Amino acid sequence: MPVSRFGVSLENELLEALDNYVMTNNFPNRSQAIRQLIERNIVEKKWQCNNIVAGAITLIYNNEKRELLNKIVKIEQEYTEEILSIQHFFLSPLITFEIIAVKGKSYKLTELSDKLITLKGIRHGKLIMSRADEAYMKE
């Protein structure tokens, strides 16, 4: 595939962050890292459409906060069509790692994950999706 070259101007802080990203992820150079970041952005934008996707939402939180647990359950009950399964792992007596297997239209899964991840008390959360519609699988 032909490659085009261009110049990029970045503030020192962004350049340091890019270099850390390159080093942390073992990219051979900055170009590879920038390429990967752009491709990830493009894929994530496509997630905002009506494609059928499957994925997982991961959450880490303190399980002693009852009001947080109630909010999580309430949100999950609103998305029973999209949620396939929920697993809880107790990393310690206080810390729960929750994995929610999901399938549905990408915008609905993004909506669900945003509601969960932004709850006060969620220490970390992430959504991972991959296209899973039949047309895509036949390609």
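Values in this document were obtained by computation on a predicted structure and should not be read as measured data.
Taking NZ of K71 as the start and NZ of K65 as the end, the distance is 10.5 Å to the nearest 0.5 Å. Atom OG1 of T96 sits about 7.5 Å away from atom CG of L91, to the nearest 0.5 Å. Here Q77 contributes atom CD and I83 contributes atom CD1; the two are 9.5 Å apart, rounded to the nearest 0.5 Å. Rounding to the nearest 0.5 angstrom, the gap separating the NZ atom in K120 from the OG1 atom in T118 is 13.0 Å. Remark: L112 CG to E82 CD distance equals 7.5 Å, nearest 0.5 Å. Expressed to the nearest 0.5 Å, how far CG of L116 lies from CD1 of I75 amounts to 5.0 Å.
When atom types are taken as modelled, the side chain of S113 and the backbone of T110 share a donor-acceptor pair closer than 3.5 angstrom. With hydrogens and angles ignored, the 3.5 Å screen pairs no side-chain donor or acceptor of N25 with any backbone N or O of F27.
For residues 83-95, the side-chain hydrogen bond (donor to acceptor under 3.5 Å, both in side chains) pairs, not counting sequence neighbours, are H88-E98.
Environment of NZ in K115: crowded, with over 12 heavy atoms of neighbouring residues, nucleotides or ligands closer than 6.0 Å. Within a 6.0 Å radius of CG in N29, more than 12 heavy atoms belonging to other residues, nucleotides or ligands are found.
Across every non-hydrogen atom of L127 and I117, the tightest pair is N-CD1, 4.3 Å. In plain terms, the two heavy atoms of G121 and Y61 that are nearest each other are O-CB, 3.8 Å. In plain terms, the two heavy atoms of A56 and I99 that are nearest each other are CB-CG2, 4.3 Å. Listed here is the closest heavy atom pair of L68 and N62: CD2-O, 4.3 Å. Between K105 and I52, the shortest heavy-atom contact is CG-CD1, 3.9 Å. When all heavy atoms of L119 and I72 are compared, the pair lying nearest together is CD1-CG1, 3.8 Å.
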Working for side chain to side chain contact (heavy atoms under 4.5 Å, CB included), residues R30 and L15 = CA-CA 10 Å; R30 291 175 179 160; L15 184 58; 3.5 Å; yes

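In this structure the side chain of Y21 reaches within 4.5 angstrom of the side chain of L37, judged on heavy atoms.
A single hydrophobic cluster is seen to contain both L18 and I38, as judged by linkage of ILVMFWY side chains at heavy-atom distances under 4.5 Å, directly or through other members.
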